[in-house]
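Written out below as structure tokens is the structure these notes cover.
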Amino acid sequence: MTPRGAVQTPAFMPVGTVGTVKGVEIEMLRATGAEMILGNTYHLSLRPGEEVVESLGGLHRFCGWEGPILTDSGGFQIFSLAKMMKINEEGAAFRSHIDGRKIHLTPEHAIAIQEKLGSDVAMVLDHVVGLPCERSKIEDAMHRTIRWARRCQAASKRDDQALFAIVQGGLEPDVRKTCAEELAALDFPGYAIGGLSVGESPEEMYAMIEATAPHLPIGKPRYLMGVGKPEDILNGILRGIDLFDCVMPTRNGRNAMGFSDSGPIRIRNAQYERDDRPLEEDCPCPACKRSRGYLRHLFLSKEMLGPILMATHNLAYYQRLVQRARTALEQNRFPEFYRERMDQWSQGATTSGNTTE
RNA sequence: GGGGGAUUUCCCGAGUGGCCAAAGGGGGCAGACUGUAAAUCUGUUGUCAACGACUUCGGAGGUUCGAAUCCUCCAUCCCCCA
């Protein structure tokens with residue numbers, strides 16, 4: 001599927017914004033079962049700069065990950081760094097979050113940067129708006145995203161790099177549909193659904209996937225950007241999504257939350273002080289060779305191994321989750337698997353996060 | 001033996017008549033985190049029948065309408081002079 005090998009889908013791609021999946025060494029990352037990871041155009045362009053990455057052999061060699069890499073375009077930063085960004089038809093003008101200098105990111109720049117980084121999949125520059133948002137703004141952003149997608153397509157030259165388009169449209173089903181159809185006509189090798197998990201409810205998000213997916217070309221990868229919690233992943237798969245990425249396993253892991261089949265485990269909580277069990281009984285990750293009590297101790301002691309182990313566990317958990325989903329799909333029993341998982345997670349939630357006492 | 005300084009809520013440490021259940025840190029407890037400005041952020045941390053009441057600032061008395069804050073004695077610790 002990519003020049004660096006196939007990726008089994010549905011797949012979860014860990015996020016390595018600045019050329020590292022935070023806290024997780026490449027060896028460990030591979031061991032979790034991850035096949036493809038993310039990098040970020042905006043961040044890497046700011047530091048160390050795409051020229052530097054290129055001169056050091058491209059992003060793969062630079063960071064040591066030999067598998068496929070997808071780079072995000074910086075479109076998400078139009079949303080997340082909105083306070084220091086101005087947008088117009090030409091592109092986005094950022095104030096660097098590092099040193100305050102002005103950065104111009106146009107669709108053409110976004111492509112040029114990603115070509116220098118040498119990722120396997122590049123993303124078009126899109127216009128992400130936070131939700132809720134008034135319809136007129138959503139329409140503007142959607143049309144701009146399509147115009148920018150055309151410009152990205154025109155600027156794209158590397159034939160060893162796929163370029164994915166991104167569907168926008170906020171919470172307006174018909175705007176999503178229009179966007180999907182117009183982008184589908186442009187014949188991109190893959191399509192993403194963007195602008196979700198930016199303030200809306202899970203139900204609204206699922207509804208938007210349903211409003212979009214049917215209008216995307218059949219047989220091409222569908223990537224739900226930035227999503228999400230374990231239950232969001234399964235809900236995405238249920239609605240036909242092939243690719244996911246999210247900072248949640250790494251960030252929440254660093255912040256002492258572990259994911260499990262019984263729901264989230266806030267490992268700092270006093271209830272785990274003398275808990276001899278691993279986070280998850282059958283998990284093969286290095287964190288699960290230790291007790292919850294030990295992991296808690298690491299966090300309370302502010303030892304860096306805590307975040308490292310927890311992030312690693314979460315990535316392993318996410319990989320095992322999509323792996324199990326793949327198996328269930330192959331065996332034609334995904335709905336059962338889905339039901340089973342959702343039931344157990346919601347059970348864990350009703351017992352106030354107290355997983356197994 | 002003489003002189004001076006200290007003692008504050010779990011810890012450190014502000015506060016020197018009312019606006020003090022008492023600043024600020026730390027620690028504890030709980031929560032948040034969805035294409036990463038995040039190893040970050042938020043709330044909470046005397047007790048209770050709790051928009052009110054009660055008990056706290058080394059101990060015991062006292063002054064005052066009112067004391068962590070002023071006075072007396074006691075205890076403990078530190079410094080200086082013998």
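Each chain gets a letter, A, B and so on, in the order its sequence line appears, and its residues count up from 1. Values below: all heavy atoms of this structure, side chains included; hydrogens, waters and symmetry mates excluded.
- Atom CD1 of residue Ile193(A) and atom CG of residue Leu224(A) lie 6.0 Å apart, to the nearest 0.5 angstrom.
- For the atom pair Glu303(A) CD and His297(A) NE2, the distance stands at 7.0 Å (nearest 0.5 Å).
- U72(B) sits 26 Å from A22(B) when the C1' atoms are compared, rounded to a whole Å.
- If you take atom P in C10(B) and the same atom in U16(B), they sit 22 Å apart, rounded to whole Å.
- Classification of Arg158(A) and Glu115(A) as a salt-bridged pair fails, no side-chain N sitting under 4.0 Å from a carboxylate O.
- With sequence neighbours excluded, no residue satisfies salt bridge (Lys or Arg N to Asp or Glu O under 4.0 Å) with Lys229(A).
- Remark: the separation of the C1' atoms in G62(B) and U45(B) is 35 Å, to the nearest Å.
- With both pairing distances under 3.5 Å, G24(B) is matched to C12(B) as a Watson-Crick or G-U wobble pair.
- Across all strands shown, A30(B) is found opposite U42(B) as a Watson-Crick or G-U wobble partner, with both distances under 3.5 Å.
- Using P as the reference atom, G1(B) and C74(B) are 14 Å apart when rounded to the nearest Å.
- For Ala165(A), the side chain to side chain contact (heavy atoms under 4.5 Å, CB included) test picks out Leu183(A), Phe188(A), Tyr191(A), with sequence neighbours left out.
- Nucleotides G31(B) and U76(B) are separated by 47 Å at their P atoms, to the nearest Å.
- Nucleotide G1(B): paired with C81(B) (Watson-Crick or G-U wobble, both distances less than 3.5 Å).
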How does each nucleotide of nucleotides 32-40 of chain B score, in 5' to 3' order, for protein heavy atoms under 4.0 Å: base (B), sugar-phosphate only (S), or none (-)? BBBBBBBSB

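- Taking atom CD1 of residue Ile265(A) and atom C1' of nucleotide G31(B), one finds them 17 Å apart after rounding to whole Å.
- Taking a pair to require two hydrogen-bonding distances under 3.5 Å in either a Watson-Crick or a G-U wobble arrangement, U76(B) pairs with A6(B).
- Comment: Arg4(A) does not engage Glu66(A) in a salt bridge, judged by the lack of any side-chain N to carboxylate O separation of less than 4.0 angstrom.
- For the P atoms, the distance linking G5(B) with A60(B) amounts to 24 Å, nearest Å.
- Electrostatic pairing of Asp187(A) and Lys220(A) counts as a salt bridge here, judged by a charged N lying under 4.0 Å from a carboxylate O.
- Of the P atoms belonging to G24(B) and C54(B), the separation is 26 Å, rounded to the nearest Å.
- Here, U55(B) and U8(B) have their C1' atoms 15 Å apart, quoted to the whole Å.
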